[in-house]
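A short write-up of the structure that comes next.
Residue numbers begin at 1 in each chain, while the letters A, B, ... track the order of the sequences. Owing to the predicted nature of the structure, the values given are computational and were not obtained by experimental measurement.
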There are 2 protein chains.
Amino acid sequence: MANHLPVDRLRRGLCTRCRINDISVYNVRKYLSNVGFLYVAVSSGFNIPMKLTCRDCSLAELCLPRALSPDDMEQFETMVDQRPAMARGNFLYQTGDVFGGLYAVKSGSFKTTISASDGEDQVTGFYLPGELFGFDGFDDHYSCSAVALEHSSVCELPLSSIDQLVVKLPNLRRELDRLMAREITTDQSMLLQLSRRTAEQRLAAFLVSLSLRFRQRGFSGTELRLSMSRYDIANYLGLTAETVSRLFKRLKEHHLALVNGRTVIIQDFEALHRQVHGSGGR
Amino acid sequence: MANHLPVDRLRRGLCTRCRINDISVYNVRKYLSNVGFLYVAVSSGFNIPMKLTCRDCSLAELCLPRALSPDDMEQFETMVDQRPAMARGNFLYQTGDVFGGLYAVKSGSFKTTISASDGEDQVTGFYLPGELFGFDGFDDHYSCSAVALEHSSVCELPLSSIDQLVVKLPNLRRELDRLMAREITTDQSMLLQLSRRTAEQRLAAFLVSLSLRFRQRGFSGTELRLSMSRYDIANYLGLTAETVSRLFKRLKEHHLALVNGRTVIIQDFEALHRQVHGSGGR
DNA sequence: CGAAACTTTGACCTGAATCAACTCGGGTGG
DNA sequence: CCACCCGAGTTGATTCAGGTCAAAGTTTCG
């Protein structure tokens with residue numbers, strides 16, 4: 001069960017396999033150094049409490065406070081609460097809960113879902129380490145539910161802190177506005193996806209987006225481990241699990257990607273990219 | 001060419017037919033008073049410049065500053081620019097334009113569209129008087145284009161003003177956050193619409209939403225005049241114009257609504273509402 | 001080790017897209 | 001004032017992408 005990650009990230013405590021960024025407290029069994037990469041296998045050791053500052057966090061340059069000066073960062077840190085790790089399938093918040101604050105993924109991953117009156121759910125987003133979510137609650141109550149897709153942990157920025165901080169740190173306000181705008185933009189491009197793209201194009205877009213986000217986080221952009229089920233992917237893309245399964249099969253046949261269970265190896269990123277932006281939808 | 005509206009709205013200058021809220025400067029030809037309603041016919045008189053304060057605006061209780069105290073409102077007013085009226089089909093801003101500010105619809109209506117790399121457009125929203133839009137630009141550049149669907153005018157809240165005001169008026173900041181969150185929420189419920197609902201349900205939801213919004217604005221909730229084409233509606237709902245046309249026909253047959261060109265008379269609101277929330281999509 | 005949850009595969013069906021006429025209404029210019 | 005034109009809207013015939021149902025694998029995890 002080995003995986004690779006850049007040395008400097010390991011030093012600062014990022015584990016790629018389980019994506020928990022407190023690797024220093026983990027039981028590291030074995031590692032091999034190799035041209036800037038280490039192969040590590042990890043086990044157990046979850047839930048060890050440890051106050052990690054934002055400055056030390058391996059996700060610092062991806063996360064909310066990245067726009068802040070060192071001084072501002074210090075103020076910011078004191079307002080952030082680190083939540084205990086959560087098991088897969090647990091809710092961080094549910095539809096209708098009073099807005100408590102925003103959350104940054106520290107490790108693991110989350111999905112947000114909105115539910116129709118008849119019980120049908122729609123997955124509205126997946127969130128990877130360093131990504132901020134919870135904006136759907138800014139209007140007093142969360143309109144979505146957030147569920148951990150695997151063993152995960154988050155940092156919380158409570159509403160009260162936000163109100164205090166945005167006055168003191170105008171940069172933070174701008175950054176929050178920007179992130180919120182980005183949430184709107186991605187939702188809207190999803191609208192375009194869902195109504196104007198074929199199933200094939202949607203899946204390609206999904207893989208391309210995941211690949212880019214993984215790479216940004218220092219993971220491999222070509223070997224991905226999906227933390228969400230076929231059902232979640234299908235639901236997110238407005239398809240059925242069966243269709244997603246068949247599409248994965250087609251990707252294999254066309255040598256665009258190797259898919260085995262939840263492991264995806266992207267063989268031809270360019271081709272996938274072309275498929276997304278390729279001429280016309282349906 | 002007559003239409004009705006509450007007396008108190010007329011005094012404050014709201015015309016229902018053309019939805020221009022400077023009716024006092026219009027040439028009112030004929031009116032009949034009747035149990036709190038007036039029937040008016042209006043003509044010509046567009047583009048007469050007139051500085052209208054937010055406090056006098058008939059949309060005050062719907063628009064952005066509604067959360068402000070009279071004192072705050074006074075500060076707010078000075079920052080709002082009234083833009084000249086625009087003809088149908090003109091762009092207020094286009095994809096890629098540098099973010100200039102947010103816009104509130106004063107009269108008429110707008111659509112926002114996002115365009116795919118291949119030129120295909122997707123309508124992401126329709127905006128009625130009193131509604132605020134332009135949030136898609138908060139991340140430096142507008143990701144959508146905004147087009148006037150009819151003769152329309154807007155109030156502009158420039159970015160520089162926003163930055164100044166949110167510091168002075170915390171209520172305004174909260175209200176902006178709330179509106180932005182609402183934008184996210186409606187986009188996400190559109191995601192659900194597009195991927196989990198049948199064509200019939202989507203159109204029903206569209207009509208229900210329009211009806212409620214018209215009513216909120218003091219217009220009739222049962223007799224609507226659509227300012228957008230079948231193509232726009234279809235595009236917004238992820239359908240084709242042909243399908244929308246057939247669905248309207250079906251609504252007529254089932255006596256749920258009378259549709260004639262761009263005039264819609266809702267006959268059975270409850271039934272439409274049930275259709276939206278009815279058990280299961282597809 | 002075994003149950004439950006997730007995936008894959010196949011056969012079949014259907015809702016909405018596509019393509020192609022045709023109609024209607026409003027504006028224009030002779 | 002009317003003939004013409006053009007874009008918007010309607011209607012019908014046909015097609016097919018992706019949904020549905022069913023049943024057999026395959027992980028995963030207690």
If you look at every strand shown and take non-hydrogen atoms under 4.0 Å, does A:Y231 touch a base, only sugar-phosphate, or nothing? base

Whole Å only: how far is the CG atom of A:L247 from the P atom of D:dG18? 8 Å

Within this structure, what is the CZ-to-C1' distance between A:R225 and C:dC6, rounded to whole angstrom? 13 Å

Check this for me, if you would: do A:R88 and A:E150 make a salt bridge, where the nitrogen-to-carboxylate-oxygen distance has to be below 4.0 angstrom? no

So B:T240, base contact, sugar-phosphate only, or nothing? Heavy-atom distance under 4.0 Å. base

Looking at A:E120 and B:R197, is any side-chain nitrogen of the basic one under 4.0 Å from a carboxylate oxygen of the acidic one? no

What nucleotide among C:dA16, C:dT7, D:dG9 has an atom nearest to a side-chain atom of B:S229? D:dG9

Below 4.0 Å: OP1/OP2 of C:dA17 and any side-chain N or O of B:T243: yes

For the side chain of B:E242, counting heavy atoms from C-beta on, which of D:dT11, C:dA16, D:dT20 is nearest? D:dT11

Aromatic centroids of A:F110 and A:F133 separated by under 6.0 Å: yes

Regarding B:E242 and B:R230, does a basic nitrogen lie under 4.0 Å from an acidic carboxylate oxygen? no

Rounding to an integer number of Å, can you tell me how far B:R246 CZ sits from D:dA13 C1'? 10 Å

Spacing of A:Q193 atom CD relative to D:dG18 atom P, expressed in whole Å: 13 Å

To the nearest angstrom, the CZ-P distance between A:R262 and C:dT7 comes to 4 Å

Nearest-Å distance, CG (A:L203) to P (C:dT7)? 13 Å

Side-chain atoms of B:T198 come closest, of D:dT10, D:dG18, C:dA16, to C:dA16

Strictly below 4.0 Å, N to O, side chains only: are A:R83 and A:E156 in salt-bridge contact? yes

Starting at the 5' end of DNA chain D and moving along, which residue's nearest nucleotide shows up first, B:V259 or A:L239? B:V259

Nucleotide C:dT23, atom P - distance to NZ of B:K249 in whole Å: 14 Å

Among C:dT7, C:dA16, D:dT11, the nucleotide that comes nearest once only the side chain of B:A199 is considered: C:dA16

Rounded distance in Å - CG (B:L194) to C1' (C:dG15): 16 Å

